[in-house]
Every structure is written in C-alpha cells, then in structure tokens.
Amino acid sequence: MYNYRDIRSESNAGRDSVVFYKQSNPNICLYETSAAGANIGLLGRINDAEGAGKNYSIFVDTANVADIAKPMFLLGLRYTDYDEHGSSVDEHNKFHYTVADYLAVLTDSAKMNKKAYTDYDGYVRLGFVNAKHEGQTVTITNDKNTIDLSKGLTPVSFAFCYVDTNRDAFYIETADPDGNTCWVKTLNEVPVVVYSISQAETFNVKAAESAPTANDNVTVSNVTVETTTGAVVVKNAAGKKVTVSSLLGQVLAETVASSDNVTIPVASNIVIVAIEGSEAVKAIVK
C-alpha cells in the first residue's frame with residue numbers, strides 16, 4: 001500500500017511554489033520548454049549546469065486535499081488570483097478563482113498533432129494549458145471543457161506517491177482523459193506519461209527561489225475555440241488553416257481563417273478543432 005506526500009512546505013498551509021528534481025541528481029530539474037508545432041509550453045527536463053538562467057519554479061495549487069491520505073494538486077505557471085469586488089475595501093473582498101497555465105496530460109492534443117505532443121516513441125507529453133480554477137472545477141480556456149476535481153485524479157491534477165518507507169522521494173501520479181492512472185517518466189530528456197508504476201521516474205522537491213513565470217524561449221498562443229448553436233467560433237487565428245473533425249477523424253469542415261473571429265458551421269457533434277500552429281482541442285457543438 002503506497003502513501004502520498006503533501007509537497008507543500010510546512011510553513012505554507014495553502015499553496016506553494018517548488019522545484020521538481022530527479023531524486024538521484026538534484027541538478028536535473030523539470031521546467032517549461034517549447035517544441036516545434038506546439039503553441040503551449042511543454043514540460044521538459046534539463047541539467048541546471050546546462051540551463052543557466054532558466055526558471056524551474058512551479059506553482060502548487062490545491063486540487064483536492066480533503067483526503068489527507070492522498071492529497072491532490074494542480075501544478076502551474078503565471079497564475080493570477082481574482083477576488084469578488086463587491087466592496088471598496090480590499091480586505092472585505094473574498095477570493096474567487098485563479099487563472100493559470102496548469103500542467104496537463106496532452107492525450108487529446110497528441111491525437112491531432114502527434115509530432116508536437118509526443119516523444120520519439122509516441123509517448124504522450126505534458127504541457128501547460130491556460131485554465132480557470134474555481135472551487136472543485138478547472139475550466140480550460142481554449143475549449144471551455146470543465147474538469148471535476150472532486151472525484152479523483154484528472155489530466156490536470158497530480159498526486160505524489162512515496163517510493164519507499166523513507167517517505168521522501170516520490171512518483172508523480174496523474175490520469176489521462178479516460179480516467180486511466182498514469183505516471184511521469186523521462187525518455188530522452190522528455191517527460192511523458194506511462195501506465196505502469198514500475199516505469200515511473202523518482203522525483204523530489206525543494207523550495208523555489210523565484211516566482212513561477214515563463215522562460216524566455218516559450219511562446220504561448222492566444223488562439224481560442226468557442227462553440228455556438230450549430231457552429232464553431234475560432235478567434236485570433238487569422239490566416240491559419242482550421243480543420244474540424246469528428247472523433248473518428250472524419251473531416252467535417254476545413255478553411256483558412258479570414259479574420260480573428262471566424263464562425264464555421266458544423267452539425268451538432270463532439271468535434272476536434274485543429275488550428276495550424278496551435279494545440280488541437282475538443283469541443284461540443286449543440
């Protein structure tokens with residue numbers, strides 16, 4: 001029976017910022033990097049001696065910590081907290097929600113863009129997707145998909161399973177969009193998810209010395225996908241090729257966006273929207 005670690009520091013009862021490193025070598029850290037064809041920052045791994053000036057700090061947000069035997073967290077970058085501004089006195093306004101680029105298992109994106117979101121052997125990567133965390137839900141900005149954090153691990157939530165009775169080093173545990181448990185493993189310096197704990201990599205954490213912000217070489221796109229009755233609405237993608245497909249891969253519509261606000265008629269369906277140079281997203285057209 002495995003036990004799970006709360007990776008927050010004892011002095012921080014709520015949220016925290018940490019640096020993840022390889023248990024056998026504290027100089028090898030996880031960080032945000034980029035890849036050709038990806039419009040979001042991807043999880044990477046680098047030796048600190050080779051990555052001078054990189055920011056390894058990752059924001060630890062609470063996902064579901066009610067079960068102290070298995071606390072679960074969100075991991076993110078570039079977070080902003082929003083308050084309810086019903087009062088002119090700031091301290092009277094209550095915390096409402098957080099928007100951040102949260103780490104996620106990119107299974108759905110890999111189905112549409114294997115080259116950008118998998119490693120050389122086809123293993124699915126992890127990346128930082130913009131989303132809103134409010135209460136027990138996370139809503140992905142790009143496709144408005146809402147994830148329930150109350151029912152266990154999800155593609156955006158993580159738990160940290162102790163390796164042994166020393167109760168220090170851990171495996172990073174998460175789930176794919178179908179609810180299957182998976183773990184983080186690094187292959188050829190690329191963190192991916194695997195489906196056997198025997199393949200999982202061993203990690204540890206240390207306190208972060210800087211804020212969890214972007215590295216200079218990572219560019220994040222502001223392309224968004226929305227739906228309306230009988231159509232998909234694509235914003236901020238002028239001049240880019242847009243392909244709308246069924247879950248089975250049948251192309252339902254294909255066009256080049258003529259402006260930064262394009263409406264594409266599509267029959268009621270669950271569809272995959274692929275935009276040139278951007279992450280493919282799933283959307284529900286009513």
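Atom set for the values below is all heavy atoms of this structure, side chains included, hydrogens, waters and symmetry mates excluded. Residue indices begin at 1 and follow the sequence shown.
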Worksheet item: Salt-bridged, Glu201 to Lys185, with N to O below 4.0 Å?
Response: no

Worksheet entry | Modelled atom types, side-chain donor and acceptor of Tyr4 and Asp67, under 3.5 Å | no

Response to the item:
For Lys241, the salt bridge (Lys or Arg N to Asp or Glu O under 4.0 Å) test, sequence neighbours excluded, returns Glu254

Discussion item. Ignoring hydrogens and geometry beyond distance, is a side-chain donor-acceptor pair present between Ser57 and Asn55 at under 3.5 Å?
Written reply: no

Worksheet item: Under the criterion side-chain contact (heavy atoms from CB on, under 4.5 Å), which of Asp108, Leu106, Asn145 is the partner of Pro177?
Response: Asp108

Just distance, no hydrogens or angles: give the donor-acceptor pairs under 3.5 Å from side chains in residues 244-253, sequence neighbours left out.
| unit_1 | atom_1 | unit_2 | atom_2 | d |
| --- | --- | --- | --- | --- |
| Ser246 | OG | Leu248 | N | 3.3 |
| Ser246 | OG | Gly249 | N | 3.4 |
| Ser246 | OG | Gln250 | N | 3.1 |

Discussion item. Is there a side-chain contact (heavy atoms from CB on, under 4.5 Å) between Glu173 and Thr181? Walk through the geometry before answering.
Written reply: CA-CA 7 Å; Glu173 183 178 338; Thr181 301; 3.5 Å; yes

Worksheet item: Are any side-chain N or O atoms of Asn3 and backbone N or O atoms of Tyr162, one a donor and one an acceptor, separated by less than 3.5 Å?
Response: no

Discussion item. Closer than 3.5 angstrom, by distance alone: can the side chain of Asp121 be matched with the main-chain N or O of Tyr123 as a donor-acceptor pair?
Written reply: no

Worksheet item: Do you know which two heavy atoms are closest between Ile284 and Thr227, and how far apart they sit?
Response: O-OG1, 3.2 Å

Fill in: Ring geometry between Tyr56 and Tyr31 (parallel below 30°, tilted from 30 to 60°, perpendicular above 60°)
perpendicular

Fill in: Within-4.5 Å side-chain heavy-atom neighbours: Thr107 and Pro155
no

Worksheet, complete the sentence: Residues passing the salt bridge (Lys or Arg N to Asp or Glu O under 4.0 Å) test with Arg5, sequence neighbours excluded, are Asp168

Discussion item. Checking the side chain of Thr255 only, and the main-chain atoms of Thr243 only, is there a donor and an acceptor separated by less than 3.5 Å?
Written reply: no

Practice prompt. Applying side-chain contact (heavy atoms from CB on, under 4.5 Å) between Thr137 and each of Leu149, Ile147, Thr146, report the one that passes.
Written response: Thr146

Discussion item. side-chain contact (heavy atoms from CB on, under 4.5 Å), that's the test. Do Tyr171 and Thr202 meet it? Break it down for me.
Written reply: CA-CA 5 Å; Tyr171 304 116; Thr202 305; 3.8 Å; yes

